[in-house]
Amino acid sequence: MPELPEVEVVRRGLQAWAAGRRVTDADVLHPRAIRRHLPGPADFVARVRGRRVVAVNRRGKYLWLPLDGGDVLVGHLGMSGQLLVVAATAPPGPHLRLRFGFADDRDELRFVDQRTFGGFFVTPAADEDGEPPAAIAHIAPDPLDPAFDEAAFFRALRRRRTGLKRALLDQSFISGVGNIYADEGLWRARLHWARPTETLTRAEVSRVVAGVREVMSAALVAGGTSFDTLYVNVDGESGYFDRSLHVYGREDEPCDRCGTPIRRDPFMNRSAYTCPHCQPRPRRRR
DNA sequence: ACATCCACCTGCTCGC
DNA sequence: TGCGAGCAGGTGGATG
């Protein structure tokens with residue numbers, strides 16, 4: 001999926017294009033795209049139609065859009081979701097799942113999602129203004145959020161008995177981090193993905209948080225990471241941060257710090273990339 | 001409660 | 001050229 005920087009690129013594009021405007025129509029072209037909206041497609045369309053988008057917010061990798069009238073439109077891009085602003089007359093393409101029409105515009109907002117892991121739903125707003133809805137309250141603040149509490153993150157890690165990368169990918173501890181930025185942050189911090197969380201020092205946690213922050217901030221400036229045309233902004237343009245990756249997807253290539261060939265390990269049905277010299281494996285496996 | 005795993009999808013690449 | 005296996009940026013719910 002798009003991770004935090006890619007989702008933030010989309011959020012900014014949407015905020016500029018959709019905030020303050022009224023949805024005039026919505027279409028559900030694939031029911032899986034709204035599977036988390038339990039009342040179904042007709043109810044989804046009815047709750048969105050005629051509503052004004054007040055703002056476009058993000059919590060981790062979730063987008064949440066308060067609507068006038070007290071509901072919130074929540075969306076997640078999954079592994080392959082795109083939000084695109086295109087002419088309403090443009091051909092639909094094979095993976096078009098949702099369309100949203102807006103007042104006084106010949107362009108429309110499209111949710112295009114090849115693998116259909118992404119989706120949208122409408123849910124009541126939180127009691128507190130500016131807070132994410134209850135449906136995504138389990139998502140922790142991300143490391144770029146001023147609300148992110150590093151000391152609390154450290155305490156939570158020490159309480160947890162798992163490996164460091166597993167914890168980084170757990171969105172209830174720290175959000176926005178996915179497979180790419182976890183590996184890149186760990187490389188910057190010179191820590192191994194299997195490091196037991198209960199043995200981490202405060203300084204090591206600072207290093208990994210700083211590493212993740214740096215790599216995400218740099219990726220944001222580059223418009224996000226794209227290896228192909230799957231990850232794009234609302235205008236369909238790819239970011240170029242893949243040129244700045246140090247370990248992710250670089251098996252057997254030399255480490256940019258020490259020249260040691262980068263190693264790929266199977267990890268949770270995926271991969272973990274490390275420099276075996278800069279990030280030695282801890283004695284205890286996980 | 002906590003930690004781990006896998007199903008949910010489509011499409012591309014690789015080796016035979 | 002065809003075909004099966006493996007892989008891809010995520011998540012929530014089931015399972016132990």
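Letters A, B, ... mirror the listed sequences (proteins, then strands); counts begin at 1. Note that the structure is a prediction, hence the values are computed from the model and not measured.
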With sugar-phosphate meaning primed atoms plus P, OP1 and OP2, does [X] contact a base, only sugar-phosphate, or nothing at under 4.0 Å between heavy atoms?
X        : answer
A:Asp228 : base
A:His30  : nothing
A:Arg36  : sugar-phosphate

Nearest whole Å is fine: how far is [N] [atom2] from [X] [atom1]?
X        : N      : atom1 : atom2 : answer
A:Tyr273 : C:dG9  : OH    : C1'   : 11 Å
A:Asp265 : C:dG6  : CG    : P     : 18 Å
A:Ile136 : C:dT11 : CD1   : C1'   : 14 Å
A:His138 : B:dA1  : NE2   : C1'   : 17 Å
A:Arg97  : B:dC8  : CZ    : P     : 17 Å
A:Phe267 : C:dG9  : CZ    : C1'   : 14 Å
A:Phe173 : B:dT4  : CZ    : C1'   : 13 Å
A:Ile139 : C:dT11 : CD1   : C1'   : 9 Å

Where the side chain of [X] is defined as all heavy atoms beyond and including C-beta, which of [options] is the nearest nucleotide?
X        : options              : value
A:Gln171 : C:dG9, B:dA3, C:dT11 : C:dT11
A:Ser271 : C:dC7, B:dA3, B:dC9  : C:dC7
A:Arg32  : B:dC9, B:dA3, C:dG12 : B:dC9
A:Tyr62  : B:dC9, C:dG12, C:dC7 : C:dG12
A:Arg264 : B:dC9, C:dG9, C:dC7  : C:dC7
A:Lys61  : C:dC7, C:dG9, C:dT11 : C:dT11

Whom does C:dG6 pair with, Watson-Crick or G-U wobble, provided both distances fall under 3.5 Å?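 The answer is B:dC12, by the H-bond criterion.
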By the Watson-Crick or G-U definition, both distances under 3.5 Å, C:dG13 is matched with B:dC5
Residues in contact with DNA chain C, drawn from residues 236-248 of chain A - heavy-atom cutoff 4.0 Å: A:Tyr248
Taking DNA chain C as the partner, which of residues 174-181 of chain A come within under 4.0 angstrom of it by heavy atom? A:Gly178, A:Asn179, A:Ile180
Does A:His76 make a side-chain N or O approach to OP1 or OP2 of C:dT11 shorter than 4.0 Å? yes
Please determine whether a side-chain nitrogen or oxygen atom of A:Thr116 lies at a distance below 4.0 Å from atom OP1 or OP2 of B:dT10.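 So the side-chain polar atoms of A:Thr116 never come under 4.0 Å of the phosphate oxygens OP1 or OP2 of B:dT10.
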Stacking check A:Phe117 vs B:dC9 (5.5 Å / 30 deg): no
Test item: A:Ser238 side-chain N/O and A:Thr229 main-chain N/O as donor-acceptor pair under 3.5 Å: no
Would a distance-only check, ignoring hydrogens and angles, find a side-chain to backbone donor-acceptor pair under 3.5 Å from A:Arg36 to A:Phe121? no
Close N or O pairs between protein and nucleotides 3-5 of chain C (under 3.5 Å):
none

CG on A:Leu169 to CG on A:Leu164, rounded to 0.5 Å: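 Atom-to-atom, A:Leu164:CG and A:Leu169:CG are 9.5 Å apart.
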Can you tell me how far apart CZ (A:Arg99) and CG (A:Leu29) are? Round to the nearest 0.5 Å. 6.5 Å
Show your reasoning for whether side-chain hydrogen bond (donor to acceptor under 3.5 Å, both in side chains) applies to A:Thr116 and A:Arg32. CA-CA 7 Å; A:Thr116 69; A:Arg32 228 182 102 72; 2.8 Å; yes
Common cluster, [X]/[Y], ILVMFWY with side-chain heavy-atom separation under 4.5 Å:
X        : Y        : result
A:Tyr240 : A:Val7   : no
A:Val56  : A:Leu109 : yes
A:Phe154 : A:Leu191 : yes
A:Leu200 : A:Val209 : yes
A:Phe102 : A:Val85  : yes

Contacts of A:Arg160 and A:Gln114 projected onto DNA chain B by closest heavy atom; the upstream (5') one is A:Arg160
Is there a side-chain contact between A:Arg59 and A:Trp64 in this structure, where contact means two heavy atoms from C-beta onward sitting under 4.5 Å apart? yes
Give the ring-plane orientation class for A:Phe267 versus A:Trp193, where under 30° counts as parallel, over 60° as perpendicular and anything between as tilted.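 Taking A:Trp193 first and then A:Phe267, their aromatic rings stand perpendicular (interplane angle over 60°).
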Measure the acute angle between the ring planes of A:Phe148 and A:Phe153, then classify it against the limits of 30° and 60° as parallel, tilted or perpendicular.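 Plane angle between 30° and 60°, so tilted.
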Mind listing the closest non-hydrogen atom pair of [X] and [Y] along with its distance?
X        : Y        : value
A:Val212 : A:Pro143 : CG1-CG, 3.9 Å
A:Asp113 : A:Leu77  : OD1-O, 4.2 Å
A:Arg97  : A:Gln114 : NH2-O, 3.2 Å

For A:Glu204, check salt bridge (charged side-chain N to carboxylate O under 4.0 Å, His left out) against everything at least two apart and list the hits. A:Arg195
Under the side-chain hydrogen bond (donor to acceptor under 3.5 Å, both in side chains) criterion, do A:Tyr181 and A:Thr225 qualify, and how do the steps go? CA-CA 10 Å; A:Tyr181 298 108; A:Thr225 299; 2.7 Å; yes
Output one line per pair: protein atom, nucleotide atom from nucleotides 13-15 of chain B, and distance, for all N/O pairs under 3.5 Å.
none

Just the table, please: protein N/O against nucleotides 5-7 of chain B N/O, every pair under 3.5 Å.
residue: B:dC5; atom: OP2; partner: A:Arg166; partner atom: NH2; Å: 3.0

Judged by each residue's nearest nucleotide on DNA chain C, which is more toward the 5′ side, A:Arg115 or A:Leu169? A:Arg115
In whole angstrom, give me the gap between the [atom1] atoms of [N] and [M].
N      : M      : atom1 : result
C:dC3  : B:dC9  : P     : 24 Å
C:dG9  : B:dA3  : C1'   : 24 Å
C:dG12 : B:dG11 : P     : 24 Å

With a 4.0 Å cut-off, would you call A:Arg12 and A:Glu8 a salt bridge?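 Yes, charged N to carboxylate O under 4.0 Å.
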